[in-house]
Participant: 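Sharing a structure below in structure tokens format, with a few things to ask.
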Amino acid sequence: MVDPLLSVRDLKVHFSVGRGLLNPGQLVKAVDGVSFDIAPGEVVGLVGESGSGKTTLGRSVLRLIEPTSGSIKFNGTELVGLEAQRMKALRSDMQIIFQDPFASLNPRMSVREIIGEALFLHGIGSSADREDRITALLDRVGLPATAAPRFPHEFSGGQRQRIGIARALAVNPKFIVADEPVSALDVSIQAQIINLLQDLRREMGLSLLFIGHDLSVIEYLCDRVVVLYLGKVMETAKAADLYASPRHPYTRALLDAAPVTHPDARRERVALKGDPPSPINPPSGCVFRTRCPFAVEACAQTQPPLTAFGDDQHVACIRANELNLAEYNVQSAATG
Amino acid sequence: MSLSYLLRRLGGAIPLLLGISVILFAIIHLAPGGPLDMYLENPSVSPEAIEQMRTAYGLDQPVPVQYFLWLKSMLAGDWGYSIRTGKPVLSEILNRLGPTLQLSGLALGFAFIVAMPLGVISATRRGSKLDTGLTLFSFAGISTPVFWMALLFQLLFSVQLGWLPSAGYQSVGDGSLVDRLRHLVMPATVLSFAIIASWSRYIRSGMVDVLNQDYIRTAYAKGRTEIGVVVLHALRNAMIPAVTVIAVDFATIISGAVITETVFAWPGIGRLFMEAMDGRDYPILMGLMMLGSFGIVLANVIADVTYAALDPRIRYG
């Protein structure tokens with residue numbers, strides 16, 4: 001395998017909440033010991049429920065949120081603890097596309113200023129060159145050059161997301177974190193944006209960390225998938241393997257939760273009950289055990305490590321070996 | 001933004017000001033006593049003379065009639081004459097305008113320069129000890145009565161330390177710039193305290209709101225440093241809600257800081273208002289209050305115009 005572009009090791013992001021004058025507050029472990037790699041040109045999907053730490057992880061990888069501990073190596077440079085000036089220089093290589101295209105563009109700046117600011121900050125081109133580049137970028141994301149002097153509120157959600165993408169592309173990044181870039185958009189627009197990302201990835205050799213909860217989008221776009229639950233990695237595998245043979249009960253439950261396209265289709269499902277436990281007081285042992293239909297007593301004892309299965313599939317479950325989730329039948333689990 | 005929009009806004013203020021004038025006139029006349037009461041206990045003024053003055057000033061007419069007489073002359077540009085001094089209302093007001101503009105100009109300018117960074121620092125260091133300290137300071141500033149703070153200042157800087165004159169506009173027989181500034185410093189500082197306290201809160205809450213927006217993260221992702229993000233991205237957006245408060249405060253304070261001017265014997269609009277209240281000087285009171293109302297209407301129009309300049313989403317047709 002080639003050297004990874006991005007290599008995250010044992011990353012932890014902890015927040016203290018509810019701290020007041022007298023109250024010492026509590027610790028939320030939003031991301032708790034996550035490791036993964038992204039190869040050049042690879043698209044990695046990050047899935048999990050709301051509150052699983054996906055967004056926090058995506059932002060802390062770019063140090064938009066300061067990690068508590070761990071290591072993030074980008075192109076061989078350690079980002080954690082990197083001084084501000086060098087971090088700023090690196091920002092041109094790593095960009096982010098946000099979920100909400102209505103909130104992520106400064107309402108007081110024109111499209112030209114929004115895209116041009118990044119070029120200016122990284123000293124790309126003269127001001128005349130920049131104007132050409134802005135036009136080219138707008139064209140690349142399917143917007144006319146006449147969009148440049150206009151303000152964000154004059155555009156629809158899909159158009160705004162295109163502006164956000166043009167802005168991210170402006171500095172020629174090698175790596176982009178796409179934080180649920182389509183979940184705020186209409187379904188018809190979603191497809192356009194996803195196809196745009198797919199094209200850009202092919203043409204520019206971009207690496208992507210694609211955060212989402214729409215599993216069909218992830219399957220379409222991603223080479224590899226990381227499944228996150230309560231700030232911990234449950235399973236990571238090549239997309240094809242993960243969808244064909246999930247090995248972690250949580251992955252299987254996520255796949256089962258996706259709607260089926262045909263109304264007559266029937267299948268066995270692993271359904272989860274209740275809400276994820278609070279990340280302030282996570283369960284002992286395996287964090288998923290409180291909702292896992294296969295949990296046994298041993299699950300409460302130790303935190304299962306990520307264990308390798310076959311070709312690049314890693315699962316954090318002590319029963320991964322004995323469960324055959326790909327052909328699992330609900331009925332038998334209920335009785336047995 | 002068009003000229004016709006401005007004219008329409010100002011034109012719309014005319015019925016508003018008319019309504020205000022009716023209410024003000026009624027309230028003034030609801031208060032017991034009248035401008036001629038000061039002569040009642042003066043043995044050298046005969047009851048006949050008082051009666052004669054009452055007729056001369058039109059005070060014997062019913063209140064509605066008095067109102068229309070006042071309105072008629074006002075519309076003709078005649079603000080009337082002070083009952084106390086006999087001088088024209090307009091020149092009485094203009095005489096006091098200079099000192100008030102000096103005092104409020106300095107106080108507002110100082111307040112703006114101080115409140116802005118305080119609010120920004122509080123917001124960017126939210127939850128820190130510094131923020132808590134500034135919050136306490138703000139609440140203290142808002143809840144401390146101005147007259148009390150003024151007395152404390154006088155006690156410390158004039159009585160105890162003897163650094164500054166306790167009151168007045170200038171020393172008798174002196175009128176140099178230094179002397180006037182020495183008189184100006186204390187009232188201006190006292191006046192600005194409460195304004196700083198409230199403005200810094202508005203700026204803080206506006207900033208806190210904006211700093212949580214995604215486009216602030218976008219700016220960091222572009223490679224802006226914290227100062228760049230705060231000044232170029234956050235402040236421009238955070239100022240929008242603060243503009244209304246600042247504009248209306250501006251109008252209120254320019255039209256006279258009554259308490260501060262009274263405690264410091266500052267010969268400004270606020271003190272004129274106090275004197276006119278004491279003497280039930282109806283023409284002066286009406287003149288001052290109409291000017292103040294117009295100032296607030298104007299400040300609101302200016303605030304709206306400023307919005308459009310600050311926020312491209314706002315368009316007026």
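Proteins come first, then strands; the chains are lettered A, B, ... in the order of their sequence lines, and each starts at number 1.
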Participant: Does atom CZ of A/F155 have more than 12 heavy-atom neighbours from other groups under 6.0 Å away?
Facilitator: yes
Participant: Counting heavy-atom pairs under 4.5 Å with chain B, which one of A/V171, A/L105, A/I96, A/V177 comes out on top?
Facilitator: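 Among the listed options, the one with the most contacts to chain B is A/L105.
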Participant: Report which part of A/R167 has an atom under 4.5 Å of a heavy atom belonging to chain B: side chain, backbone, both, or neither.
Facilitator: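 Side chain of A/R167 only, per the 4.5 Å heavy-atom cut-off to chain B.
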Participant: Measure the NE2-CD distance between B/H233 and A/E117 for me, rounded to the nearest 0.5 Å.
Facilitator: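 One gets 3.0 Å once the value is rounded to the nearest 0.5 Å.
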Participant: Within a radius of less than 6.0 Å around CZ of A/F15, do more than 12 heavy atoms belonging to other residues, nucleotides or ligands occur?
Facilitator: yes
Participant: If you count the non-hydrogen atoms of other residues, nucleotides and ligands that lie under 6.0 Å from CD1 in B/I227, is the total more than 12?
Facilitator: no
Participant: Roughly how far, to the nearest 0.5 Å, is CG of A/N106 from CG of B/N237?
Facilitator: 4.5 Å
Participant: Could you tell me the separation between the CE atom of A/M109 and the CZ atom of B/R236, rounded to the nearest 0.5 Å?
Facilitator: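 If we round to the nearest 0.5 Å, A/M109:CE and B/R236:CZ are 6.0 Å apart.
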Participant: Heavy-atom distances under 4.5 Å only: say whether A/L62 touches chain B with side chain, backbone, both or neither.
Facilitator: neither
Participant: Heavy atoms only: give me the nearest B/Y215-A/P107 pair and the separation to one decimal.
Facilitator: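 Here B/Y215 and A/P107 meet closest at CE2-CD, 3.4 Å.
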Participant: Heavy-atom count around A/F120 CZ within 6.0 Å, excluding the residue itself: above 12?
Facilitator: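 No, CZ of A/F120 has 12 or fewer neighbouring heavy atoms, counting only those of other groups under 6.0 Å.
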Participant: Can you tell which part of A/L119 gets under 4.5 Å to a heavy atom of chain B, answering side chain, backbone, both or neither?
Facilitator: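 Answer is neither: A/L119 stays 4.5 Å or more from chain B.
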Participant: Measure from the side-chain N and O atoms of A/H122 to the backbone N and O of B/K222, and report whether any donor-acceptor pair falls under 3.5 Å.
Facilitator: yes
Participant: Is the side chain of B/R217 donor-acceptor paired with the backbone N or O of A/I65 at a distance under 3.5 Å, no angle test?
Facilitator: no
Participant: About how many Å separate CG of B/D214 and CZ of A/R59, when rounded to the nearest 0.5 Å?
Facilitator: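 That separation rounds to 5.5 Å.
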Participant: CZ of A/F151: more than 12 outside heavy atoms within 6.0 angstrom?
Facilitator: yes
Participant: Which bit of B/I240 comes within less than 4.5 Å of chain A, counting heavy atoms only: side chain, backbone, both or neither?
Facilitator: side chain
Participant: Rounded to the nearest 0.5 Å, how far does CG of A/L64 lie from CD1 of B/I216?
Facilitator: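 The CD1 atom of B/I216 sits 12.0 Å away from the CG atom of A/L64.
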Participant: I need the B/Y220 OH to A/R63 CZ distance, nearest 0.5 Å.
Facilitator: 12.5 Å
Participant: Please name the pair of heavy atoms, one in A/A103 and one in B/Q213, separated by the smallest distance, quoted to 0.1 Å.
Facilitator: CB-OE1, 4.1 Å
